[in-house]
Each structure stands twice: as structure tokens, then as C-alpha cells.
Amino acid sequence: MIEHAVPPSPEPDLLGRGLPDALLAVQAAEGDEDSFAVLVRRHGSSLLTLARCMLVDPQDAEEAVQDAFVSAWRRLPEYRHSAEFGTWIYRITVNRCLTLRRRRPPPLSLDAVAEPAAGDAWSQPARCAEQDAATDALSRALRDLDAGQRLCWILREVQGLSYKEIAHVTRATEPTVRGRLFRARRSLQEAMGPWR
């Protein structure tokens, strides 16, 4: 008896290599949980970074991102593809963060400075103190920006979004975004002048 070799069935591409977000969003809207999982893996890290910049408490940031993905999953049938999926989920995440900030208004903090390695030039006490003071000054300067300027600055400088994407996320025009970024950068330059 001769056994016929049956070719193995192709493994599903759980990493979604080569599949654009738009296609994955359509598949997810049709109930494909694997496609949505790919979108979560693709965007989760950058959304968490965004949320951590907007919210001081890491648990609040994780909660905001998780809520944003739950909301996105529920609202996928409403998603009209007029904006890229990444921009759409950014907007949802920003809204979640703003809602959390209204409930718990903590100050913005930049405590993400890594500990210096032993023997590093920054391990000298005076240099560490200077670094801490500069970080505190930047944190205060960011906190002093109005909310619109701070959000535009975070989306541009930390997340690397384009002006068009920021306009979509913040529901503002591109000229408004450019103006907010200009004022934010000018304020931060003035505030950080002594640290140059």
C-alpha cells in the first residue's frame, strides 16, 4: 500500500506580515480575532508609549490602551476607512487618556530616564543631580503647556506622527497643529534655556 503524501496545510500568518492594516481591520470587523490580534501587536507598543506620556501612572496607561482596543473591537463595524487604522486607534486611545485624566488629573512626568551603568560618566553624583534637575524642569515645562500643545508635541516628538495624522487624532486642522507645535517648542526652548 502506497501512502500519498498530503502537503501540510499552511500555517496562519499570525504576525500578519505583508497584510496592510486596512485589510486586517476588514477581516477583524468580520469577526476574525487573529487579524485583530495582529493589529494589537502592531500598534500596542506605540499606543502604550503615547498613554504613558499622557498619564503618569503606568497602570492608568495600560488601562487606557486596553480600553481603547476593547472599544476599537466593538466599533470595528463602524470603521469607515476614511483614516488609516493606526490614526483611528490613536484617536480612541487619546480620548481614553483624556477621560482618565479628567477622572484622575496627575501631573505629566518624564521619569523614564534609565539608570546609569557603573562607571558611566552619568554615574557621577553631580552629573546625576544635573540630569535629574533637567528632567524635572522638562517635566514641569511640559506640564505648563496647555493640553492641546502638550498633546500635539507628544504625538509629533515622541510618537513621530505626521501633521496630517495629528490633525486627525486631535480633530484639528493641520495649520492649528503646526501652530500648537510652534508655540509648544518655543515655550519648551525658553523653559529649558538654562539647561543648554
Side-chain angles (χ1 to χ4, degrees), residues 15-16 21-22 24-25 28-29 33 35-76 78-79 81-115 132 134-172 174 176-177 180-181 183-185 187-188 191-192:
L15 297 177
D21 285 355
L24 290 168
E33 293 178 11
S35 293
F36 191 71
V38 172
L39 291 169
V40 170
R41 279 192 296 279
R42 278 188 189 170
H43 298 281
S45 176
S46 61
L47 293 175
L48 190 55
T49 301
L50 167 67
R52 285 182 178 153
C53 287
M54 292 184 69
L55 305 166
V56 172
D57 187 336
Q59 290 177 330
D60 286 349
E62 289 177 15
E63 179 183 337
V65 172
Q66 184 176 15
D67 287 351
F69 277 122
V70 169
S71 178
W73 173 253
R74 290 181 181 146
R75 294 173 50 195
L76 268 172
E78 303 167 18
Y79 175 54
H81 306 279
S82 58
E84 291 185 26
F85 177 82
T87 305
W88 183 67
I89 192 70
Y90 263 82
R91 179 189 291 177
I92 293 171
T93 304
V94 166
N95 289 340
R96 292 288 181 226
C97 289
L98 292 174
T99 299
L100 276 174
R101 284 185 63 168
R102 278 191 287 275
R103 281 194 269 154
R104 302 175 224 152
L108 185 63
S109 175
L110 293 179
D111 292 330
V113 177
E115 288 291 322
D132 289 345
T135 300
D136 289 343
L138 179 58
S139 181
R140 280 191 306 277
L142 283 169
R143 194 172 42 243
D144 291 343
L145 294 175
D146 81 25
Q149 291 175 10
R150 182 174 47 249
L151 178 58
C152 286
W153 187 88
I154 290 169
L155 291 172
R156 179 68 180 166
E157 303 300 333
V158 177
Q159 295 296 316
L161 268 62
S162 70
Y163 294 116
K164 183 178 181 178
E165 291 169 325
I166 295 169
H168 189 78
V169 168
T170 61
R171 295 185 178 146
E174 282 186 59
T176 300
V177 167
R180 287 177 181 168
L181 281 168
R183 289 187 297 279
R185 288 172 180 148
S187 295
L188 292 174
M192 297 307 292

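Bear in mind that the values here come from a model prediction, so they are computed numbers and not experimental data.
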Chemist: Show me the pairs that pass side-chain hydrogen bond (donor to acceptor under 3.5 Å, both in side chains) and involve residues 66-75, at least two apart or across chains.
Modeler: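 Non-adjacent pairs meeting side-chain hydrogen bond (donor to acceptor under 3.5 Å, both in side chains): Ser71-Arg96.
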Chemist: Taking the side chain as C-beta and beyond, is there a heavy-atom pair between Trp153 and Val158 under 4.5 Å?
Modeler: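 Trp153 vs Val158: side chains touch.
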Chemist: Restricting to side chain to side chain donor-acceptor pair (under 3.5 Å), what partner residues turn up for Gln159, sequence neighbours left out?
Modeler: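 Gln159: side chain to side chain donor-acceptor pair (under 3.5 Å) contacts with Tyr90.
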Chemist: Can you name the nearest heavy-atom pair linking Ala172 to Val177, along with the distance?
Modeler: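 Smallest interatomic distance, heavy atoms only, reads CB-CG2, 4.3 Å.
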Chemist: Mind checking the CZ-CD1 spacing from Phe69 to Ile92? Nearest 0.5 Å is all I need.
Modeler: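 Those atoms lie 9.5 Å apart.
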Chemist: List the residues meeting salt bridge (charged side-chain N to carboxylate O under 4.0 Å, His left out) with Glu174, not counting sequence neighbours, and say none if there are none.
Modeler: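 So Glu174 forms no salt bridge (charged side-chain N to carboxylate O under 4.0 Å, His left out) with any residue.
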Chemist: If you round to the nearest 0.5 Å, how far is CG of Leu39 from CZ of Arg41?
Modeler: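 Here the rounded value is 9.5 Å.
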Chemist: Show the nearest heavy-atom pair for residues Ser35 and Leu24, with the distance to one decimal.
Modeler: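 Closest heavy-atom pair between Ser35 and Leu24: CB-O, 3.5 Å.
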Chemist: Tell me every residue that passes salt bridge (charged side-chain N to carboxylate O under 4.0 Å, His left out) with Glu62, counting only those two or more places apart in sequence or in another chain.
Modeler: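 Arg52.
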Chemist: Could you list all the ring-ring contact (aromatic ring centres under 6.0 Å, His included) pairs where at least one residue sits in residues 40-65, not counting sequence neighbours?
Modeler: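 Listed once each, the pairs are His43-Phe85.
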Chemist: Output all residues satisfying side chain to side chain donor-acceptor pair (under 3.5 Å) with Arg183, sequence neighbours left out; order by chain, then residue number.
Modeler: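 Partners of Arg183 by the side chain to side chain donor-acceptor pair (under 3.5 Å) criterion come out as none, since no residue qualifies.
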Chemist: Could you tell me which non-hydrogen atom of Ala25 sits nearest to which non-hydrogen atom of Tyr79, and how far apart they are?
Modeler: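 Heavy atoms only, the tightest pair is CB-CE2, 3.8 Å.
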Chemist: For a 4.5 angstrom cut-off between non-hydrogen side-chain atoms, does Arg91 reach Arg171?
Modeler: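 In short, these two side chains touch, coming nearer than 4.5 Å.
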Chemist: With rounding to the nearest 0.5 Å, note down the distance linking CG in Leu181 to CD in Glu157.
Modeler: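 Interatomic distance, Leu181 CG to Glu157 CD, rounded to 0.5 Å: 7.0 Å.
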Chemist: Hey, mind stepping through Leu142 and Ile154 against side chain to side chain contact (heavy atoms under 4.5 Å, CB included) and telling me if it holds?
Modeler: CA-CA 9 Å; Leu142 283 169; Ile154 290 169; 5.6 Å; no
Chemist: Return the minimal non-hydrogen interatomic distance between Asp21 and Arg42, and the atom names on each side.
Modeler: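 For Asp21 and Arg42, the tightest heavy-atom pair comes out as OD1-NH1, 2.6 Å.
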Chemist: Sequence neighbours left out, what passes side chain to side chain donor-acceptor pair (under 3.5 Å) with Ser45? Give chain and number order.
Modeler: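 So Ser45 forms no side chain to side chain donor-acceptor pair (under 3.5 Å) with any residue.
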Chemist: Applying side-chain contact (heavy atoms from CB on, under 4.5 Å) between Leu50 and each of Leu55, Leu155, Leu161, report the one that passes.
Modeler: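 When side-chain contact (heavy atoms from CB on, under 4.5 Å) is applied between Leu50 and each of Leu55, Leu155, Leu161, only Leu155 qualifies.
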Chemist: Under the side chain to side chain donor-acceptor pair (under 3.5 Å) rule, collect the residues that match up with Glu165, sequence neighbours excluded.
Modeler: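 With sequence neighbours excluded, Glu165 shows a side chain to side chain donor-acceptor pair (under 3.5 Å) to Ser162, given in chain and number order.
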Chemist: List the atom of Ile89, the atom of Ala68, and the distance in Å for their closest heavy-atom pair.
Modeler: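 It is CD1-O, 3.7 Å.
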Chemist: Please report the interatomic distance CG(Leu145) to CZ(Arg180), rounded to the nearest 0.5 Å.
Modeler: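 Reported value, rounded in 0.5 Å steps: 12.0 Å.
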Chemist: Indicate the atoms forming the closest heavy-atom contact of Cys152 with Thr170, along with that distance.
Modeler: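 For Cys152 and Thr170, the tightest heavy-atom pair comes out as SG-CG2, 4.4 Å.
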